[in-house]
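Below is one structure, written out as structure tokens, with a few remarks after it.
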Amino acid sequence: VFFVFINLFSILNIVTGVFVDGAIELGKRDRNIMIQKQNEIREASRNHLVALLSHVDSDGDGIVTKDEFFTALEQGQVQKFMDALGIDPDNAAE
């Protein structure tokens, strides 16, 4: 009886270990996927911001002057673009 109990306990312990190990590996993959998605979101935001600044730079010299910025803020398309990036155009003018 004691021998059967020890063997049964050992087998259950191994099965539990396999499930726990699988759960840990799944958690690691989920974490890596979240990090990868966050990096993709940052890269997309950076690309959108560069596109916005390129659009605002009306003379194309690579520098956004105060006049270019405030002129661009009056355009509805630029305001929508800024909203999509999570930038409040009213606060950007300050």
Side-chain angles (χ1 to χ4, degrees):
V1 174
F2 183 71
F3 178 74
V4 172
F5 175 74
I6 293 296
N7 283 330
L8 185 59
F9 182 74
S10 298
I11 291 172
L12 287 175
N13 198 13
I14 291 171
V15 170
T16 302
V18 169
F19 281 118
V20 168
D21 186 51
I24 289 172
E25 288 299 318
L26 185 61
K28 285 180 185 177
R29 276 190 254 137
D30 285 347
R31 200 172 324 136
N32 289 338
I33 290 171
M34 285 178 21
I35 290 170
Q36 182 180 5
K37 283 183 181 181
Q38 187 65 30
N39 288 339
E40 290 172 0
I41 290 170
R42 283 188 186 129
E43 182 67 21
S45 293
R46 186 187 74 77
N47 290 337
H48 290 304
L49 186 57
V50 167
L52 172 66
L53 291 174
S54 296
H55 180 77
V56 169
D57 183 22
S58 58
D59 59 4
D61 64 353
I63 299 171
V64 177
T65 63
K66 212 179 208 184
D67 292 333
E68 288 174 330
F69 183 74
F70 286 117
T71 301
L73 280 179
E74 295 172 2
Q75 299 174 6
Q77 181 183 8
V78 172
Q79 289 179 0
K80 289 178 185 177
F81 206 177
M82 291 177 78
D83 281 338
L85 291 174
I87 302 170
D88 185 12
D90 296 329
N91 287 339
E94 298 172 4

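Not measured: the values here are computed from a predicted model.
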| request: Measure the spacing between CZ of F2 and CG of N7 and express it to the nearest 0.5 Å. | output: 10.0 Å
| Could you go step by step and tell me if E25 and K28 meet the salt bridge (charged side-chain N to carboxylate O under 4.0 Å, His left out) rule? | CA-CA 5 Å; E25 288 299 318; K28 285 180 185 177; 3.8 Å; yes
| task | Show which residues join L26 in its hydrophobic cluster (side-chain heavy-atom contacts under 4.5 Å, direct or indirect), or state none. | result | none
| request: Working to the nearest 0.5 Å, report the span between CZ of F3 and CG of L8. | output: 11.5 Å
| query | Is the shortest heavy-atom distance from the side chain of E43 to the side chain of N39 under 4.5 Å? | reply | no
| remark: All heavy atoms of F69 vs all of V56, minimum pair found to be CA-CG1, 3.9 Å
| field | Check: E74 main-chain N/O paired with Q79 side-chain donor or acceptor under 3.5 Å | value | no
| When rounded to the nearest 0.5 angstrom, what distance separates CD in Q38 from CD1 in I33? | 14.5 Å
| task | Give the minimum heavy-atom separation between L52 and M82, together with the two atoms involved. | result | CD2-CG, 3.6 Å
| Checking D57 side chain against D61 main chain: does a donor-acceptor pair fall under 3.5 Å? | yes
| field | The single option from H48, Q75, H55 passing side chain to side chain contact (heavy atoms under 4.5 Å, CB included) against F81 | value | H48
| remark: dist R46:CZ -> L49:CG (nearest 0.5 Å) comes out at 9.0 Å
